Amino acid sequence: MLALSPDPKPTRHPAVQAFAPGRVNLIGEHTDYNGGLALPFALRAGVRVEARASSEEEIVARALDLGEDDRFPLRAIEPADGWRAFVRGAVAELRRSGVPIRGATLAISGDLPRGGGLSSSAALTVALCLALIELAGARRPGALALARICSRVEHAWAGAMTGLLDQLASLCGRERHVLLIDFAALELEQVPLKLAGHRLVVLDSGERHAHGASGYNERRRECARACELLGVRTLREVTPERAERLPEPLRRRVRHVLSENERVRQAAAALRAGDMSALGALLDASHASLRDDYEVSTSALEAAVERLRKSGALGARLIGGGFGGAVIGLLPPGVVAPAGALEVAPGPGAHASRLA
Ligand code: GLA
């Protein structure tokens with residue numbers, strides 16, 4: 001009989017998991033890249049990434065919900081489309097910022113509609129970055145530094161010149177709170193979300209968007225042009241009177257940004273005072289401004305807003321960049337939400353941990 005030596009221990013590579021939530025922006029749209037104000041919160045739904053180290057010098061990624069794969073070598077990362085752009089971008093931008101990324105397999109899953117206005121792409125990028133940082137055993141950068149890395153992924157790899165709203169909401173969310181973000185001072189304040197029995201619901205317009213391809217970048221260019229003409233660094237420095245002298249459509253674009261900042265201030269005050277009808281009216285006014293001055297609404301978004309109002313919402317508006325996606329409504333107690341509407345409440349921010 002042969003003496004069998006005991007099985008060599010299988011080499012267990014370290015493994016981690018990360019979760020990053022999507023976000024809803026209560027109010028303050030297209031203000032982030034204009035040094036303005038916004039009032040988002042993190043959702044309970046989001047993107048989960050499980051990462052396991054491998055001995056190969058490559059990344060193998062699986063999008064479990066789509067049944068799709070990606071594989072690329074660490075030494076030469078080529079651009080790609082769709083969800084793969086975010087994986088490749090996250091790896092490349094983390095390496096560029098000094099995180100020692102090693103070979104790994106990544107399993108990605110989630111429960112957010114993609115391109116549905118709930119910030120699925122930022123949730124994906126934040127979850128990927130947290131998982132890769134944790135796997136590398138590197139120190140996690142502060143929320144702002146990490147949000148900036150994630151936004152470089154959007155800019156350089158997905159071609160969407162988005163601001164920091166989604167990433168900061170995903171990273172800094174807290175249960176039962178909305179985040180008041182001042183993008184000029186880069187200050188964050190947690191404001192309790194007390195709705196006096198009212199509920200917030202989101203309704204999908206059914207229309208998908210990708211900011212790289214929508215009018216989003218064009219709006220951003222228009223704001224940059226307005227700053228140039230007015231000789232300011234951001235629109236935060238502009239008074240409504242000065243904006244009136246701009247040529248169209250820049251005059252209306254800037255009018256939206258300035259009036260939206262004011263509505264964010266008033267919405268935070270309405271929340272603190274428990275004044276739900278004031279909050280509802282501000283949501284309606286924000287939507288009208290996004291539709292008429294910023295021109296980012298579509299007939300599908302209008303129909304979704306209308307459905308919420310008809311069902312008895314105190315106010316409703318499109319959320320996110322527009323050109324498709326979702327709308328939010330504030331429902332008083334006892335009002336039945338329209339079919340397909342999803343109740344939303346603030347959940348905790350993104351997190352990562354080692355797996356056994
Ligand atoms: C998208 C972008 C954000 C922000 C919103 C509009 O969600 O990713 O940076 O600009 O649109 O408020």
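In listed order, ligands and their atoms are each counted from 1. Since this is a predicted model, take the numbers as computed values, not measurements.
Remark: Asp69 CG is packed, more than 12 non-hydrogen atoms of other residues, nucleotides or ligands lying under 6.0 Å away. Within 6.0 Å of CZ on Arg354 lie more than 12 heavy atoms contributed by other residues, nucleotides or ligands.
Evaluation of the ring-ring contact (aromatic ring centres under 6.0 Å, His included) rule for His287 yields no partner, not counting sequence neighbours.
Applying the 4.0 Å criterion to heavy atoms of Tyr216 picks out, from ligand 1, the atoms 1 (C), 2 (C), 3 (C), 4 (C), 9 (O), 10 (O), 11 (O). Taking every non-hydrogen atom of Tyr33 and a distance limit under 4.0 Å, the qualifying atoms of ligand 1 come out as 10 (O). Every atom of ligand 1 with a heavy atom of Gly163 under 4.0 Å away is listed here by number and element: 9 (O).
Of the candidates Glu154, His30, Arg23, it is His30 that places a heavy atom closest to atom 12 (O) of ligand 1. Counting heavy atoms only, Asp32 comes closest to atom 9 (O) of ligand 1 of the residues Thr162, Asn25, Asp32.
Under 4.0 Å is where a charged nitrogen must lie from a carboxylate oxygen, and between Glu175 and Arg44 at least one such pair does. With respect to Glu222 and Arg225, no salt bridge is recorded, no charged nitrogen being found less than 4.0 Å from a carboxylate O. Under a 4.0 Å N-O distance rule, the pair Arg75/Glu57 does not qualify as a salt bridge.
Contact annotation: Ser119 has no heavy atom less than 4.0 Å from any atom of ligand 1. Using a 4.0 Å cutoff on heavy atoms, Gln167 does not count as a contact of ligand 1.
Between His30 and the options Phe183, Tyr216, Phe323, a ring-ring contact (aromatic ring centres under 6.0 Å, His included) holds for only Tyr216.
Backbone and side-chain nitrogen or oxygen atoms of Gly320 are examined, and none is located within less than 3.5 angstrom of a nitrogen or oxygen of ligand 1. Residue-to-ligand polar distances place Glu29 within reach of ligand 1: an N/O pair is separated by less than 3.5 Å.
Contact annotation for Arg220 and ligand 1: no heavy atom of the residue comes within less than 4.0 Å of the ligand.
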